[in-house]
Every structure is written in structure tokens, then in C-alpha cells.
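To keep things clear, I will list the structure first and then write my remarks on it.
Chain letters run A, B, ... following the sequence lines, proteins first, then strands; residues in each count from 1. Predicted, not measured: the structure shown is a model, and the values here were computed from it.
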Amino acid sequence: MIEDFLQLGDRLGDRQSDTSLTAINRTWLARSAPEVAPDLLGCVLARRCGDTIIRGTIVETEAYTADDPACHAYRRETRRNAAMFGAPGTIYVYLIYGVHHCLNVVTLREGVADAVLIRALQLTDPPPTQTVSTPKALDRLAAGPGKLCRALDIDLRLCGTTFNPEGELWIEPRSANRTTQPHPTNPKDLAIVQTTRIGITRGVERPWRWYLRDSPAVSRYG
DNA sequence: TCAATGATTAGC
DNA sequence: CTAATCATTGAT
């Protein structure tokens, strides 16, 4: 099953409508992070939690590359960042400030540290473990890299595993036929803003942050 | 072995 | 603006 997923090929372009293709695959991710990051906007991150699946539309991403001083693996490979050197489609999760987990999609090719940080999701429904009183509260539940990991119960246990629809975490392309989505994102109408990254002290000038202009679930604007 | 720090967040 | 909180990191 996992092999089938990996062999789906490179047919998952932005506007594919083949409903048999349900997940982003390794080939689609075998591009540099600054190429993949804006393409992930409007795609759906899906998390299996027991019987239920939590879904959220990706509305904010950042790219990190091997020659980028802000990248965790800029100096060398370590035990913490080892997953960043994995094949495209590998999951890289790290703990930041001793408090929050952050989720990355490994891109490009095996042996090269290159990844996209998922910074915010527009959740379609509240996770089973959480309650929200207003629609606005739901908008903010995954509005930040640490918050989305908490909402989807993502932690270090997933680090080093692979995005896979047969597993616990995967990504569905913009094109998937998702009639149950309360927040459909029409690829033709994606208004993408490109700007500089947040929270870093080196490589600050690289314009490698992207977000959906009109999304109420973006962590910050500007 | 040890001190500094960080791709953050909530709260004052 | 700052505390929380800890694995990783790079320097002793």
C-alpha cells in the first residue's frame, strides 16, 4: 500500500481532478522548498486520530534550504535534524522553546536538508478533543505552527515517518474532490502573498513565507 | 559538563 | 513585553 502511494507518479498538479488520487506524493515534493511552499497553500493536511480524521486547509508556509542560515541543518546533520535529510515526503517535527512542536514537509531529494514549515491551517471542524464556542475561535485554533500541531496531536513520535494516506498524516492536493469541505479553496482564486519569514534571526531577508491573503487562520499578516 | 538559545505562544 | 520550558547546540 505504501509502495502504491509512492508510485502514484507526478500527476498531482494543481488542477488535476482525478478523484482516485488522494494524496500528495514523493514526486510532487521532489522540488526545492521555495517552489513547493506556495504550491502547498490550499492543499489539505489530514490527520488520522482513531476513527476520526481531522482536516485543515494549509494557509501559511515557509521554506528552508540547505544553504539557508535559518535552516536547522545549515551547519551539519545532527540527530535532531536528521529527518530533514530524508526522502521527499518525510515528516520532520521538532520541539521549539521546550513547549511547542512544529511540522515540516521534507522536499527536494534524499541527502539534502530542504523542507517546508507548515505554519497555519484553516480547520474544517474542531478536533474531537477540543471545543470552540465561535467560528472565530475555530479560525484561530491552528493559526500558528505550534498551535496546529497541538490541534492535530502532532509531536516527535511522527518525526522521521512519511506522509501517507494509509498512515497517520498525509496531504491532499487542491484538486481532490472534497465535497465535505466547509472551506473549499478554489485554486483559481488563491490570492497568495509572499513575504519574509517570521521568528528567525539569520537569513531574514529571504522572502520565503507565503500565505493566503484572505484567510482568517493565518498566524500573522505582513 | 555547561550555559545559551530557539522556525512560539499566552498572558499581562 | 516577558515567562514558560527543554532538547539541542557549541563551547569548555
Exercise for the section: Can you tell me the pairing partner of dA7(B) across any strand shown, Watson-Crick or G-U wobble, with both distances under 3.5 angstrom? Expected result: none

Problem - Gap between atom CH2 of Trp170(A) and atom CZ of Arg55(A) - 0.5 Å precision - result: 6.0 Å

Fill in the blank from the handout: Taken to the nearest whole Å, OH/Tyr211(A) to C1'/dA7(B) is 18 Å

Exercise for the section: Using modelled atom types only, decide if a donor and an acceptor are shared between the side chain of Asn104(A) and the backbone of Val106(A) within a distance under 3.5 Å. Expected result: no

Polar-atom pairs under 3.5 Å, protein N or O versus N or O of nucleotides 5-7 of chain C: list them with distances, or write none.
residue: dT5(C); atom: O2; partner: Tyr97(A); partner atom: O; Å: 2.2

Practice task
In whole angstrom, give me the gap between the P atoms of dT2(C) and dT5(B).
Solution key: 15 Å

Completion exercise
Whole-Å distance, Tyr94(A) OH to dT9(C) P, equals 13 Å

Practice task
To the nearest 0.5 angstrom, please state how far the CD1 atom of Ile24(A) sits from the CG atom of Asn164(A).
Solution key: 13.5 Å

Practice task
Determine, using ring centers only, whether Tyr94(A) and His72(A) are less than 6.0 Å apart.
Solution key: yes

Exercise for the section: Quick one: label Ile200(A) by what it contacts on the DNA or RNA (base, sugar-phosphate, nothing), any heavy atom closer than 4.0 Å. Expected result: sugar-phosphate

Practice task
Round to the nearest Å and state the distance from Asp155(A) atom CG to dT8(B) atom P.
Solution key: 18 Å

Practice task
Provide, to the nearest angstrom, the distance between the CG atom belonging to Leu141(A) and the P atom belonging to dT9(B).
Solution key: 12 Å

Practice task
Look through every strand shown and name the nucleotide pairing with dT5(C) as Watson-Crick or G-U wobble, where both distances are under 3.5 Å.
Solution key: none

Problem - Atom CZ of Arg80(A) with >12 non-hydrogen neighbours under 6.0 angstrom - result: yes

Fill in the blank from the handout: Looking only at dT9(B), dA10(B), dA7(B), the nucleotide nearest the Arg150(A) side chain is dA10(B)

Problem - Shortest non-hydrogen contact from Met84(A) toward Cys71(A) - result: CE-SG, 3.5 Å

Problem - Cluster link Val59(A) to Ile118(A), ILVMFWY, side chain under 4.5 Å - result: yes

Practice task
With a 4.0 Å heavy-atom cut-off, tell me which residues in residues 68-78 of chain A come close to DNA chain C, sorted by residue number.
Solution key: Arg75(A), Arg76(A), Thr78(A)

Practice task
Examine Tyr74(A) together with Tyr64(A) and report whether their ring centres are nearer than 6.0 Å.
Solution key: no

Handout entry: Non-hydrogen side-chain atoms of Leu117(A) and Cys102(A) separated by less than 4.5 Å
Key = yes

Practice task
Assign Arg202(A) to base, sugar-phosphate, or nothing according to its heavy-atom contacts below 4.0 angstrom with the strands shown.
Solution key: nothing

Problem - salt bridge (Lys or Arg N to Asp or Glu O under 4.0 Å) assessment of Arg202(A) paired with Asp68(A) - result: CA-CA 8 Å; Arg202(A) 294 164 300 184; Asp68(A) 166 17; over 6 Å; no

Exercise for the section: Using the P atom on both, measure dA4(B) against dA3(C) and round to a whole Å. Expected result: 15 Å

Exercise for the section: Using whole Å, report how far CD of Glu62(A) lies from C1' of dT8(B). Expected result: 12 Å

Completion exercise
Taken to the nearest whole Å, CG/Asp114(A) to C1'/dA7(B) is 14 Å

Problem - Between dA7(B) (P) and Leu117(A) (CG): distance, integer Å - result: 10 Å

Practice task
Take atom CD1 of Ile198(A) and atom P of dT8(B), then tell me their distance rounded to the nearest Å.
Solution key: 7 Å

